[in-house]
Amino acid sequence: MIKELCIGASMAVLIFLIIMGQNVIPLLLLAGLGFFLYMLMDKKGLVSSSQFAGYNSQVDFNFDDIGGQAPAKQELKEALDFVLHAGKITEMGIRPLKGILLTGPPGTGKTLLAKAAAAYTRSVFMATSGSEFIEVYAGVGAQRVRQLFKAAKERATKEKKDGAIIFVDEIDVLGSQRGSNTGHMEYDQTLNQLLVEMDGVNNDDQVRILVVGATNREDMLDPALLRPGRFDRIVRVDLPDKAARLHILEIHCRNKPLADNVSLEDIAQESFGFSGAHLESVANEAAILALRENSSLIHQHHFKEAVDKVMMGEKIDRKPNDDERYRIAVHETGHALISELNRPGSVSHITVTTRGRALGYMRVIPEDDIYLYTRDYLEQQIQICLAGAVAEKIILNSQSTGASNDFNEAIKCTRQIITAGLSSLGVVWEDIIPRECYHKEVQEIISQQEKIVVGLLNSKLKALKEIARLLVDQEYISGDELREKIKEREVIN
Ligand code: ATP
């Protein structure tokens with residue numbers, strides 16, 4: 001703000017001098033030199049600690065605003081209780097908690113947890129990211145670490161708070177194993193400075209500083225950071241399960257007008273594998289879609305489309321020609337028929353709309369979250385993957401490049417079968433099985449499943465052809481409509 005005011009005032013003075021007929025060139029040269037020096041100091045991290053002012057955010061956020069993550073919240077709260085009851089801790093001779101590390105996939109709420117931790121402990125919250133410390137100049141990162149700790153203490157004192165939480169996102173950038181960044185003394189110095197600052201935290205400090213680090217790459221961290229006395233609490237923040245997804249959706253729909261037909265539970269069921277950030281995006285996109293349609297309420301179909309958008313990307317205005325469109329329809333119908341035959345009620349919808357890199361797609365309603373797979377389950381997944389290409393071959397007598405992704409997925413499932421010791425090879429170590437032997441097993445599993453798919457699709461030929469035609473005409477078939485059509489054709493077949 002002050003910077004903008006200064007620039008504005010200088011411009012006004014300059015214009016005034018020009019109007020008065022004064023020679024402003026020496027003044028401009030002087031200003032240029034001043035600006036250059038300022039930039040140089042800024043780059044070297046030498047501008048006062050007020051540069052961290054921007055990192056501070058007043059936190060009005062608590063653990064109830066975070067969906068799911070019950071174990072992480074519980075563990076974090078337990079750790080924070082040590083900070084809250086510092087007096088007792090000193091009496092018992094317990095050393096202060098200096099660091100908590102939050103690990104987990106992107107978008108799972110690590111930043112939110114750190115913010116809630118600040119509110120819970122009535123501390124100021126300073127957020128920064130590991131990458132902000134790394135500069136080409138040696139020593140700048142270390143200088144910034146010192147400034148950050150100093151700024152945190154100053155701010156807490158100014159705001160009359162007992163503590164400060166310094167949140168370092170992407171701490172792996174700053175705290176990756178020393179020596180791993182070849183020729184980069186800068187990284188090592190910065191990490192050393194962080195360790196020094198953390199070691200300097202004491203129970204009797206006027207302002208208690210707690211460093212909360214977040215990373216998706218715990219394996220990259222220098223062991224010195226993880227040793228007791230530094231980040232000795234590691235809190236795992238996982239992708240949400242179904243109940244947690246529902247909770248997150250409910251939180252993000254609190255301020256949105258929902259129609260009566262909206263079942264957030266169904267959306268939670270369909271969004272297996274989504275992070276909190278994905279779910280926030282689903283709620284937001286659903287509202288945008290409703291607005292586009294001039295609807296005052298958000299309906300279930302807006303949410304369904306929002307899930308597609310978050311999963312596959314934005315609709316693309318690419319129109320395949322008629323032959324291609326029919327081929328895509330046959331391909332997707334093949335996937336859908338096998339999915340329904342294996343698990344009735346499993347298809348959410350099929351479409352020939354181009355989205356992201358997919359020319360069409362079939363979306364399934366995942367079973368209740370499952371984390372262990374049997375061989376039968378994996379074989380069924382392989383069948384669904386192969387069904388698109390098999391359907392093309394049966395109806396159009398040829399295959400296309402559209403199936404390459406499906407084959408990759410099928411191979412992944414096959415690998416899972418082999419590495420989990422579920423194949424005819426028994427328990428094996430993937431790295432030392434002879435390549436031919438491995439290849440033969442993969443081929444065998446795939447061709448067995450392909451035979452099954454050929455048989456199943458041939459028995460549903462009429463349904464396959466007619467539903468594919470219908471899909472070309474309608475562009476979209478819902479799971480319920482698909483099941484109805486299969487039933488009707490079963491009578492005719
Ligand atoms: P990254 O590792 O990429 O930095 P992160 O784990 O720190 O991600 P956040 O920044 O905390 O993730 O979350 C991003 C956004 O996702 C939040 O602003 C929020 O809208 C939403 N979100 C994520 N997790 C949750 C949750 N558990 N409850 C509610 N909202 C969530």
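In listed order, ligands and their atoms are each counted from 1. The basis for the numbers below is simple: all heavy atoms, side chains too, and nothing from hydrogens, waters or symmetry mates.
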- Message: Geometry only, no angles: is Ile66 polar-contacting ligand 1 at N/O separations under 3.5 Å?
- Response: no
- Task: Under 4.0 Å from a heavy atom of Asp169: give me the atoms of ligand 1 that qualify, with their elements.
- Result: 4 (O)
- Should you measure from each heavy atom of Glu280, which atoms of ligand 1 turn up under 4.0 Å away? 20 (O)
- Message: Minimum distance, heavy atoms only, to atom 30 (N) of ligand 1: which one of Gln69, Lys110, His252 is it?
- Response: His252
- Message: Students often mix this up, so state it plainly: with edges at 30° and 60°, are the rings of Phe125 and Phe167 parallel, tilted or perpendicular?
- Response: parallel
- Message: Side chains of Ser348 and Lys304 only: does a donor on one sit below 3.5 Å from an acceptor on the other?
- Response: yes
- Task: Assess the side chains of Arg146 and Gln143: does a donor N or O sit below 3.5 Å from an acceptor N or O?
- Result: yes
- Item | Atom indices of ligand 1 within 4.0 angstrom of Ala277 heavy atoms, with elements | 16 (O), 21 (C), 22 (N), 23 (C)
- Message: Quick one about Asn261 and His301 (side-chain donor to acceptor, distance below 3.5 Å, no hydrogens or angles considered), yes or no?
- Response: no
- Task: Could you tell me whether ligand 1 has any atom less than 4.0 Å away from a heavy atom of Ile248?
- Result: yes
- Message: Below 4.0 Å, non-hydrogen atoms only: which portion of Leu113 touches ligand 1? Side chain, backbone, both or neither.
- Response: neither
- Item | Flag for His278-Ser281: side-chain donor and acceptor within less than 3.5 Å | no
- Enumerated ligand 1 atoms positioned under 4.0 Å from heavy atoms of Gly276: 16 (O), 21 (C), 22 (N), 23 (C), 24 (N), 25 (C)
- Item | Salt bridge flag under 4.0 Å for residues Glu159 and Arg155 | yes
- Query: Under a 4.0 Å N-O cut-off, is there an ion pair linking Glu75 with Arg233?
  - Reply: no
- Message: Any nitrogen or oxygen of Gly67, side chain or backbone, less than 3.5 Å from one on ligand 1?
- Response: yes
- Message: Salt bridge check, Glu91 against Lys88: does any charged N sit closer than 4.0 Å to a carboxylate O?
- Response: no
- Item | Top protein contact for atom 19 (C) of ligand 1, by heavy-atom distance | Leu112 CD1, 3.8 Å
- Message: Below 4.0 Å from ligand 1: does a non-hydrogen atom of His247 turn up there or not?
- Response: no
- Query: Is the shortest distance from a heavy atom of Gly107 to ligand 1 less than 4.0 Å?
  - Reply: yes
- Item | Identity of the nearest option to atom 7 (O) of ligand 1, non-hydrogen atoms only, from Thr108, Thr111, Asn216, Thr103 | Thr111
